[in-house]
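Data first, discussion second: the structure below is written as structure tokens.
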Amino acid sequence: MKTRALSWIGLAVILLGFTATNKKESQWLVSEKSVVEILGKTNINSFECQSINYSGNDILTEVLFPEKNQAVWSGEIVLSSANFDCFNRMMTKDFHQTVQADEHPQIRVRFLDLIRKNPNTPQESLNGNVEITLAGVCRRFPISCDLKFEKNGKTRLIGSQTVTFSDFQIDPPVKFLGTVKVQNEISVRFGLVLEEI
């Protein structure tokens, strides 16, 4: 009985070892050339706020499972709330106040489980979930994005996610005695330049 139990344990260890060696892990540095933007509209016009001076020190991890012919991506990028520029002094100030940049100095985008099916093609879609932390509030959303391997050797992860200010318990800004109202819906758009390390 004891011998049989030991045999089963041995078999389990061998199978776990085989599974572990069957997957391959890669790490990708998110380059400082990456772009993250927050886009929105008012009742008068549209606006675009872009992260500037991104340090480019974040890392995404890809785990390849050959037997499933798919890979899983995860990782997080961390942005300074105060480094978002709306290319208009007043709008930039309003944006920093809206996202509470003084109390919450970081905006985080965390990829949880992006599934990459049929690897080794020039352009691929990834689907999974993302967590966005804004003004100290974290929310999870389903997301679809594209991975592009370009001829110049660069790899880009491109996508966008529509959210609302109210998702993060933020009231959309209202200015000039209510004559300018920011719409509740905004879009977080990213173009990450990746370097394998």
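Numbers here are sequence positions counted from 1.
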Q: Count the heavy atoms belonging to other residues, nucleotides or ligands that lie under 6.0 Å from CD of Gln97, then report whether that count exceeds 12.
A: yes
Q: Please name all residues satisfying salt bridge (Lys or Arg N to Asp or Glu O under 4.0 Å) with Glu76, sequence neighbours left out, ordered by chain then number.
A: Arg108
Check whether [X] and [Y] end up in the same hydrophobic cluster, where Ile, Leu, Val, Met, Phe, Trp and Tyr are linked by side-chain heavy atoms less than 4.5 Å apart.
X: Ile143; Y: Val188; result: yes
X: Ile115; Y: Val63; result: yes
X: Phe190; Y: Leu39; result: no
X: Val78; Y: Ile52; result: no
X: Val99; Y: Val163; result: yes

(Q) Could you go through Asn127 and Ser144, starting from their C-alpha distance and side-chain angles, then the distance that decides it, and tell me whether this counts as side chain to side chain donor-acceptor pair (under 3.5 Å)? (A) CA-CA 4 Å; Asn127 298 285; Ser144 178; 3.0 Å; yes
Q | Residues Glu124, Lys117: salt bridge by 4.0 Å N-O rule | A | no
(Q) Quick one, Ile77 with Tyr54, criterion side-chain contact (heavy atoms from CB on, under 4.5 Å). Give me CA distance, side-chain angles, the key distance, then yes/no. (A) CA-CA 10 Å; Ile77 57 172; Tyr54 170 61; 3.9 Å; yes
Search all heavy atoms of [X] against all heavy atoms of [Y] and return the closest pair with its distance.
X: Ser81; Y: His96; answer: O-CD2, 3.5 Å
X: Ile170; Y: Ala135; answer: CD1-CB, 3.7 Å
X: Leu192; Y: Ser34; answer: CA-OG, 3.5 Å
X: Ala82; Y: Ala101; answer: N-CB, 4.2 Å
X: Ile197; Y: Trp28; answer: CG1-N, 4.3 Å

Q.
To the closest 0.5 Å, what do you measure between CD (Glu25) and CZ (Phe65)?
A. 9.0 Å
State, yes or no, whether a side-chain contact exists between [X] and [Y] at a heavy-atom distance under 4.5 Å.
X: Glu195; Y: Gln27; value: no
X: Ser80; Y: Gln106; value: no
X: Trp73; Y: Leu147; value: yes
X: Gln50; Y: Asp85; value: no
X: Ile107; Y: Thr133; value: no
X: Glu37; Y: Val35; value: yes
X: Leu157; Y: Leu194; value: yes

Q.
Let's go through Arg139 and Glu131 carefully: what are the C-alpha distance in whole Å and the side-chain angles of both, what is the deciding distance for salt bridge (charged side-chain N to carboxylate O under 4.0 Å, His left out) to 0.1 Å, and is it a yes or a no?
A. CA-CA 5 Å; Arg139 291 286 181 267; Glu131 281 183 352; over 6 Å; no
Q: Just do the side-chain contact (heavy atoms from CB on, under 4.5 Å) check on Val193 and Val30 with the steps written out, would you?
A: CA-CA 6 Å; Val193 179; Val30 183; over 6 Å; no
Q. Going through the checks in order, is the side-chain contact (heavy atoms from CB on, under 4.5 Å) test met by Ile186 and Phe165?
A. CA-CA 7 Å; Ile186 55 175; Phe165 282 111; 3.5 Å; yes
**Q.** Thr42 (side chain) donor-acceptor with Asn45 (main chain) under 3.5 angstrom
**A.** yes
Q) With no hydrogens and no angle check, is any side-chain donor or acceptor of Asn184 less than 3.5 Å from a backbone partner on Ser166? A) yes
Q.
So, using ring-ring contact (aromatic ring centres under 6.0 Å, His included) as the criterion, who are the partners of Phe47 when residues are at least two apart?
A. none
Q. Got a sec, which residues hit ring-ring contact (aromatic ring centres under 6.0 Å, His included) with Phe84, two or more places apart in sequence or on another chain?
A. Phe95
**Q.** Fellow cluster residues of Leu112, listed by chain then number, with links counted only when side-chain atoms sit under 4.5 Å apart
**A.** none
Q) Mind checking what makes side chain to side chain donor-acceptor pair (under 3.5 Å) contact with Asn129, not counting sequence neighbours? A) Asp113
Q) Does anything in residues 50-104 pair up under disulfide (SG to SG under 2.5 Å), and if so which pairs, sequence neighbours excluded? A) Cys49-Cys86
(Q) Run Thr92 and Asp94 through side-chain contact (heavy atoms from CB on, under 4.5 Å) and show every step you take. (A) CA-CA 5 Å; Thr92 298; Asp94 289 345; over 6 Å; no
